[in-house]
Amino acid sequence: MQRSHTCGELRIGDVGKAVAICGWVDRVRDHKGVIFIDLRDRWGRTQVVVGPAAAAATLVAARAARAEWVLRVTGTVGARPAGTNNPKLPTGEIELVCGEIEILNQAETPVFQPGAVELPGEEVRLTNRWLDLRRPAMQENLFLRSRIVKLLRDHCDELGFIDVETPMLGRSTPEGARDYLVPSRLDHGCFFALPQSPQLYKQLLMMAGFDRYVQVAKCFRDEDLRADRQPEFTQLDLEMSFVAADDVMGVIEGLVRRTAWEILGLDVSLPLPRLSYDECMERFGHDAPDLRYGLEIVDLTALAAASDFRVFRGTVEGGGRVRGIQVPGAAARFSRKELDDLTALAVEAGAKGLIWLKCEADGGWSGPVAKNLAGIAAGLQDRLGCEPGDLALIVADSFEVTCKSLHALRKRLGADLGLYEAHAMHFSWVVDFPMFARDAENGGWVAMHHPFTAPRPGDLDLLESDPAACRALAYDLVINGSEAGGGTIRIHDSATQERVFRIMGISPELARERFGFLLDALRSGAPPHGGIALGIDRWVMLFGGLDNIRDVIAFPKTQKAADMMTGAPAAVEPKQLTELGVRVLVPPGKPAPP
RNA sequence: GGGGGUGUAGCUCAGUUGGUUAGAGCGCCAGCCUGUCACGUUGGAGGCCGCGGGUUCGAGUCCCGUCACCCUCGCCA
């Protein structure tokens with residue numbers, strides 16, 4: 001070992017010890033007679049002091065040392081002189097009185113200093129990720145991630161789960177997200193797909209009798225990115241046999257409770273609240289509602305039907321809905337421009353407009369259309385629970401549009417009005433999802449979760465007669481308005497599976513070709529089973545109080561799914577393409593690497 | 001693919017109504033400094049104003065296009 005201690009380890013009790021530490025030069029403060037060097041490593045920072053009595057070579061090295069040089073320093077731990085302690089550092093009561101400095105490596109002037117106060121732009125951080133990852137904040141994020149992953153694994157291990165790895169090179173299936181494809185060298189024109197999730201493999205492990213499977217699984221989806229979405233991401237994927245939804249949810253609740261306690265010291269009471277999908281859409285307009293604050297949606301359709309206001313009447317007569325939210329005490333807080341911004345937000349979500357009403361001191365409404373609503377003024381106040389000073393925001397449109405726009409407004413207001421504590425955590429389940437949703441492209445039915453989801457036993461009869469009404473044995477874990485996990489009980493008999501395929505327009509022949517192995521396995525003794533996958537990146541982000549998934553991923557991708565550090569994706573040698581039987585239609589602008 | 005934001009020194013940013021030589025802080029280089037810890041202090045170097053067109057006597061500033069990064073809608077079983 002080149003070092004006896006780390007840079008975060010030495011304390012007042014170590015005074016007098018001869019030690020050796022290694023690390024990066026965080027800062028040098030050269031006072032001519034005495035030179036201070038802050039040496040930094042993963043564990044912390046220690047001040048090295050080089051006095052005028054130091055050996056000539058040591059003085060030369062200390063004067064030469066620059067930011068991010070890598071040093072090995074030997075010397076004696078000394079107590080700092082009275083009045084020079086640094087209470088900001090855990091090592092602030094001691095310093096390493098320098099004996100010798102060994103320069104392990106020099107460093108060019110860094111593009112930015114990991115210890116700097118100002119955070120560089122993300123482009124700079126991503127191109128120089130190794131520097132960015134030297135920053136204590138980023139190191140903390142990755143430590144947190146490591147702790148959470150270990151905790152999840154330990155918990156599953158204690159519950160008897162077996163960790164099984166599944167292939168990365170699999171078969172493309174048309175369902176779901178766009179696949180990342182890998183061309184086959186031995187079979188030109190054929191491609192592997194990187195897994196969007198190990199879904200079928202883990203079901204087959206149940207059919208193989210493994211009973212309880214878990215994997216920290218890398219997943220790939222070639223879709224556009226978001227602040228909380230990367231094209232490659234990590235799931236805690238698990239599956240259990242002989243279970244009902246409650247059993248799977250129980251395991252996850254144990255994980256939630258343990259993680260919240262060990263990471264945040266938070267005592268989460270179980271069971272977690274459960275909301276049905278329908279209730280979520282009615283009360284919050286979204287299937288992953290942020291329950292850290294109120295601003296629930298109120299239905300005003302019946303009231304609107306009785307009004308003279310043409311917009312309301314027309315919407316109701318057209319089968320639409322009139323819904324709104326009451327924003328307590330907000331009437332005075334929003335200027336005309338800010339209300340215009342809120343309107344723009346609603347319009348962006350598809351609404352034709354936003355009706356805003358301010359509840360005045362005399363109890364009446366004011367606002368652009370207040371006079372049109374005279375007839376139902378009292379009714380509105382009653383339904384919305386508005387008092388003087390409150391603001392009411394109302395959208396009249398189809399149910400879907402009222403959901404989308406009011407959800408957007410709710411989200412904006414919750415954040416802007418500071419309706420929740422910065423560190424608040426709220427965990428809940430959303431259950432009773434519909435089995436199917438309409439395909440936006442061809443109008444057919446598509447699986448809301450995935451095509452292997454079991455319908456509620458009581459809804460089996462609805463499969464063909466009324467697919468829209470059929471509910472699934474599905475459950476999503478929601479943390480702070482973010483989908484942090486989702487799972488289902490799976491279909492475990494081939495007959496039901498084939499029925500579900502058929503509803504989604506997958507013919508028996510197509511089903512056999514693509515999922516023959518699954519249907520065969522289902523017919524060869526498949527136990528009832530179900531499972532869930534947790535988005536680990538999101539978990540770490542949420543438990544770390546962060547708002548960006550890239551900060552919990554060591555080497556993330558940009559919005560164009562590029563790696564700014566390595567330059568991936570990049571062109572390849574023509575020879576490689578020939579070997580793979582691949583021809584590029586539109587060559588990229590950048591030259592192939594040498 | 002659509003909407004929005006950003007792009008000026010190594011980094012973070014300012015830059016007025018289009019007007020002379022584009023500034024600041026940090027960092028860098030050099031000098032001074034024996035108790036600092038975001039050390040202090042004096043001096044210095046450092047610019048394709050993302051890129052390409054255009055308007056103009058004159059463009060960092062106005063117009064058009066384009067690229068990159070970020071947020072967002074679509075998309076994400």
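Computed from a prediction, not measured in an experiment: that's the story for all the values here. Numbers restart at 1 for each chain; the letters A, B, ... are given by sequence-line order, proteins then strands.
Of the possible polar contacts, none joining the A/D38 side chain to the A/D26 backbone as a donor-acceptor pair under 3.5 Å is found.
Residue-level contact check: A/Q47 touches the bases, meaning some heavy atom is under 4.0 Å from a base atom. Within the nucleic acid shown, A/E123 comes within 4.0 Å of sugar-phosphate atoms alone, with no base atom in reach, counting heavy atoms only. Backbone-only contact: A/K404 has heavy atoms under 4.0 Å from sugar-phosphate atoms and none from a base.
Under 4.0 angstrom from either OP1 or OP2 of B/C37 there lies no side-chain N or O belonging to A/K88. Contact annotation: A/R226 reaches the phosphate of B/C73 (side-chain N/O to OP1 or OP2, under 4.0 Å). OP1 and OP2 of B/C39 both lie 4.0 Å or more from every side-chain N or O belonging to A/K32. A/R29 has no side-chain polar atom (N or O) that falls below the 4.0 Å cut-off from OP1 or OP2 of B/U36.
For A/T558, the side-chain atoms get nearest to B/C70 when compared with the rest of B/C37, B/C73, B/C70. Comparing B/C69, B/C33, B/U36 against the side chain of A/D30 picks out B/C33 as the nearest.
A/P167 approaches A/P195 most closely through the heavy-atom pair O-CG, 3.9 Å.
Judged by distance alone, the side chains of A/R221 and A/Q230 never bring a donor and an acceptor atom under 3.5 Å apart. With hydrogens and angles left out, the side-chain atoms of A/H450 and A/R490 include a donor and acceptor closer than 3.5 Å.
Side-chain N/O atoms of A/R66 and base N/O atoms of B/C29 include no donor-acceptor pair closer than 3.5 Å. Applying the 3.5 Å distance criterion, the base of B/C76 shares no donor-acceptor pair with the side chain of A/R221. The base of B/C37 sits with one of its N or O atoms less than 3.5 Å from a complementary donor or acceptor on the side chain of A/R80.
By the 30° and 60° cut-offs, the orientation of the rings of A/F515 relative to A/F452 is perpendicular.
In this structure, the ring of A/H407 has its center no less than 6.0 angstrom from the ring center of A/F284.
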Check nucleotides 11-14 of chain B for protein N or O atoms closer than 3.5 Å to its own N or O atoms and list the pairs.
| unit_1 | atom_1 | unit_2 | atom_2 | d |
| --- | --- | --- | --- | --- |
| B/C11 | O4' | A/V111 | O | 3.4 |
| B/U12 | OP1 | A/G121 | N | 2.5 |
| B/U12 | O2' | A/E118 | OE2 | 3.4 |

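With rounding to the nearest 0.5 angstrom, the CG atom of A/L473 is 9.0 Å from the OG1 atom of A/T453.
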